[in-house]
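Inspection log for the structure reproduced underneath, given as structure tokens.
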Amino acid sequence: MNTIFRPFTTKEISAKGWLYDQLKIQASGLAGNLDKVWPDVRDSMWIGGDKEGWERVPYWLDGFIPLAYLLDDDDMKARAKKYIDAILDGQKEDGWICPCKDSERVTYDRWALFLILKVLVLYHDCTGDERVEEAVYRALRQYHLFSRTQLANNWANCRWYECVISIAWLYSRRPEKWILDLAKVLEAQGMDYTKVFDIIKEKSSEWRLYSHVVNHAMAIKSDAVMSLIDARDPNAYAETLVDFLDKYHGNVNGYFNGDECLASRSPSQGTELCGVAEAMYCYEILACVSGKVKWADRLERLAFNAFPAAVSDDMWTHQYNQLTNQPYCVDCGEKNHFTTNTSDSHIFGLEPNFGCCTSNMGQAFPKFAIHSFMRASDGIAVVTLAPCSVTTEINGVKVNVTTDTLYPFRDSVKIRVKADKRVKFKLYVRIPGFVCSATLDGEKVKTGEYFVLEREFFDDVISLELDNSAKFVKRDTLCAVVRGALTYSLPVKARWEIHEYIKDGVERKFPYCDWELYAESEWRYGFASEELEYVEKDEYVSAFSSEKPLCAVKAKVKRVDWEFMENSNFIAKPTPESDVGIGDELEVELVPFACAKLRMTEMPMTK
């Protein structure tokens with residue numbers, strides 16, 4: 001395969017510090033228990049039940065499997081194996097593996113096939129299960145025969161590149177020409193989103209597959225995965241697509257508004273959680289295949305801001321849509337502001353709007369942990385700076401590398417290298433492009449690239465110090481505050497109102513119930529000064545605690561005249577009525593974006 005770095009597996013990677021704590025929270029929350037409480041996973045057709053037999057079980061397994069093995073949890077491993085066993089046992093003689101009647105095959109959307117094959121590959125990476133290779137081979141062979149006479153339909157057409165992940169994996173083991181042919185046929189049949197740029201610049205007013213934000217998020221990696229088999233540039237298409245999305249639909253966290261179709265740059269539009277998780281995975285693949293620091297930079301921005309912002313502190317509930325400016329999370333009823341989503345899509349719940357994010361959100365943190373380190377041909381790359389550890393062999397010598405840090409809530413990272421005996425290799429240390437400057441062991445290093453340490457390692461500690469400064473970034477007519485990887489928001493005190501009920505046979509019951517959040521503090525502010533002061537907090541509860549954030553930025557604000565949208569209750573207008581400050585200047589503490597479930601992030605600089 002043509003790749004700069006290669007990922008390690010859960011056998012080699014382990015999370016540490018706050019990231020380990022976050023994985024434990026996830027395991028105790030919704031993603032760790034969907035097979036117990038949610039009919040579409042618990043009673044799915046994938047395991048012989050009568051509920052959904054399409055994307056939801058594969059989505060869930062895509063996060064649950066690596067979570068189980070990162071935590072080395074025997075109960076979770078057994079529960080994952082139960083599903084994998086049922087899926088493999090259910091494969092037909094001709095290779096068909098999805099749960100439907102033979103008469104339904106022609107109309108069955110094979111997006112679920114692409115997804116379950118990716119999951120099987122992941123399971124093999126975690127376990128080495130010898131059944132997987134033959135199952136993937138037979139399933140792809142069956143699909144190759146199908147593709148001779150029929151085209152990929154619906155979601156499969158838009159997400160064709162997901163299948164290339166299992167194709168590339170299989171080809172590395174069985175280099176047969178038809179496998180490469182299948183990848184080329186899929187690409188020829190599939191959607192090229194650059195062809196519709198001119199008609200998706202504006203906010204969508206109706207639901208379209210080609211303006212669907214998750215399709216665009218997934219497509220970022222399409223050329224990167226194809227480059228695994230045909231040596232093309234993995235970056236060009238990704239750069240073109242990301243630049244377009246940033247320009248017309250980007251938000252301050254480096255993601256794109258879509259609720260659920262592309263929805264402009266407005267801080268009052270939504271960001272679908274599925275898309276955030278999928279974009280993270282794309283940037284992990286791009287960081288691996290291309291070796292470019294900028295993709296890991298974007299990965300961290302999503303992992304530390306947009307993703308944790310859309311889940312409750314205990315990870316039992318989530319939003320379908322999050323808003324950059326979100327003073328309320330209340331069902332808007334008939335006054336629905338979202339482009340194509342329901343009026344409850346921004347509340348925290350079991351499955352607000354639709355259940356795809358319920359099953360898909362679990363992949364974000366485990367896969368982020370797996371890609372924290374990557375294998376280079378001549379050493380190890382420190383790709384993200386969150387606390388993690390990797391243990392592997394280099395030239396026959398056991399080597400462990402650990403990042404000891406509270407990054408991104410602190411600016412120091414200790415990289416500890418321990419080897420059984422002295423061994424020479426290269427240690428690639430990513431220096432983020434969004435920091436002001438950086439020093440490695442006291443020596444200034446260039447930002448936005450990997451710094452390479454080549455020497456004999458035995459028992460070493462390398463100190464990385466990042467120089468960050470809180471600053472304003474211009475967002476059209478508004479401003480936001482960023483510092484390093486983190487976006488900061490004005491927190492709005494929230495009153496959480498619980499809703500327990502049954503809908504379509506699915507029970508919402510604490511802790512997997514629905515919540516509406518009502519503002520109990522003022523939110524209509526603008527910045528009153530360009531002065532900003534960074535503050536570190538000592539008390540640790542969890543990385544993204546709403547009650548005890550680990551850091552803050554002091555800022556000065558004034559009240560402004562800011563109203564709700566005319567066509568929606570509780571959604572702030574994209575901009576205030578006036579940017580003239582009202583009353584006295586106040587000093588407030590802005591907190592990390594993900595720590596403020598109700599928040600104002602983009603605000604005017606008052607006159």
Side-chain angles (χ1 to χ4, degrees), residues 1-10 12-13 58-59 62-63 65-66 114-115 117-126 158-172 183 186-187 190 193 214-242 245 254-256 274-303 307 360 362-377 381-384 386 388 428 430 450:
M1 292 187 181
N2 305 294
T3 175
I4 301 300
F5 301 134
R6 289 178 293 127
F8 289 104
T9 70
T10 55
E12 300 158 301
I13 292 281
Y59 262 156
D62 204 22
I65 289 169
F114 303 168
L115 185 52
L117 293 181
K118 184 175 73 167
V119 167
L120 290 174
V121 168
L122 176 62
Y123 188 73
H124 181 276
D125 288 344
C126 291
C158 297
R159 300 176 179 180
W160 59 271
Y161 34 79
E162 299 293 324
C163 192
V164 180
I165 295 168
S166 55
I167 288 174
W169 178 87
L170 182 63
Y171 186 74
S172 69
L186 280 166
E187 183 178 29
Y193 292 96
V214 183
N215 287 343
H216 284 270
M218 290 178 168
I220 292 169
K221 66 178 176 293
S222 56
D223 266 20
V225 295
M226 284 297 292
S227 76
L228 298 175
I229 59 177
D230 67 6
R232 72 181 65 183
D233 178 4
N235 295 291
Y237 185 83
E239 289 170 343
T240 299
L241 184 54
V242 167
L245 293 169
Y255 186 59
F256 329 108
C274 267
V276 176
E278 293 294 349
M280 286 174 61
Y281 181 56
C282 288
Y283 295 143
E284 288 155 5
I285 287 180
L286 279 157
C288 177
V289 174
S290 75
K292 298 291 186 182
V293 161
K294 63 182 178 182
W295 302 121
D297 285 356
R298 294 190 76 107
L299 168 62
E300 285 192 350
R301 296 276 295 149
L302 296 186
F307 179 76
N360 193 23
Q363 69 163 304
F365 278 136
K367 288 187 179 179
F368 177 76
I370 290 173
H371 293 89
S372 56
F373 293 94
M374 294 185 191
R375 189 190 304 275
S377 60
V382 183
V383 178
T384 73
C388 262
Y428 295 77
R430 170 177 151 264
Y450 283 94

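Remark: side-chain polar atoms of Y193 are paired, donor with acceptor, to backbone N or O of C158 under 3.5 angstrom. Between the side chain of Y161 and the backbone N or O of M226 there is no donor-acceptor pair closer than 3.5 Å. When atom types are taken as modelled, the side chain of T3 and the backbone of C288 share a donor-acceptor pair closer than 3.5 angstrom.
Across S227 and P234, no two heavy atoms sit closer than the pair OG-CB, 3.6 Å. Smallest separation of non-hydrogen atoms from A183 and I229: CB-CD1, 3.3 Å. For A287 against A296, the heavy-atom pair with the smallest separation is CB-N, 4.2 Å. In plain terms, the two heavy atoms of V289 and A224 that are nearest each other are CG1-O, 4.0 Å.
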**OP:** List the steps and the verdict of side-chain contact (heavy atoms from CB on, under 4.5 Å) for I165 and K221.
**Re:** CA-CA 10 Å; I165 295 168; K221 66 178 176 293; 4.0 Å; yes

Subject >> Step-by-step side-chain contact (heavy atoms from CB on, under 4.5 Å) determination, F373 to V383 >> reply: CA-CA 5 Å; F373 293 94; V383 178; 5.9 Å; no

**OP:** Give the intermediate values and the outcome of side-chain contact (heavy atoms from CB on, under 4.5 Å) for residues L228 and V164.
**Re:** CA-CA 9 Å; L228 298 175; V164 180; over 6 Å; no

Subject >> Stepwise side-chain contact (heavy atoms from CB on, under 4.5 Å) test for K292 and Y283 >> reply: CA-CA 10 Å; K292 298 291 186 182; Y283 295 143; over 6 Å; no

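In this structure, L245 CG and F256 CZ are separated by 4.5 Å, a value rounded to the nearest 0.5 Å. A distance of 11.0 Å separates OG in S290 from CD1 in I285, rounded to the nearest 0.5 Å. Distance CG/L117 to CD1/I167: 9.0 Å, rounded to 0.5 Å. Summarising the geometry, atom CE belonging to M218 is positioned 7.0 Å from atom CG belonging to N215; distances are rounded to the nearest 0.5 Å. Here CD of Q363 is found 9.5 Å from CG of L122. Values are rounded to the nearest 0.5 Å. A distance of 5.0 Å separates CH2 in W160 from OG in S222, rounded to the nearest 0.5 Å.
With sequence neighbours left out, D62 forms a salt bridge (Lys or Arg N to Asp or Glu O under 4.0 Å) with K118, K367. With sequence neighbours left out, the salt bridge (Lys or Arg N to Asp or Glu O under 4.0 Å) criterion links D297 to R430.
Identified under the salt bridge (Lys or Arg N to Asp or Glu O under 4.0 Å) test for residues 275-285, with sequence neighbours left out: none.
Between F307 and F368, the distance from one ring center to the other does not fall under 6.0 angstrom. Aromatic pair F5/Y450: ring centres closer than 6.0 Å.
Inter-residue side-chain proximity for V214 and R159 is flagged as met; some heavy-atom pair is nearer than 4.5 Å. Between F8 and S372, the closest side-chain pair of non-hydrogen atoms is not below 4.5 Å. H124 places none of its side-chain heavy atoms less than 4.5 Å from the side chain of V121. Residues W295 and V242 meet the side-chain proximity criterion, which asks for heavy atoms closer than 4.5 Å. Between D125 and T10 the shortest side-chain heavy-atom distance does not fall below 4.5 Å.
Salt bridge annotation for E187-R232: present, with a cationic side-chain nitrogen under 4.0 angstrom from a carboxylate oxygen.
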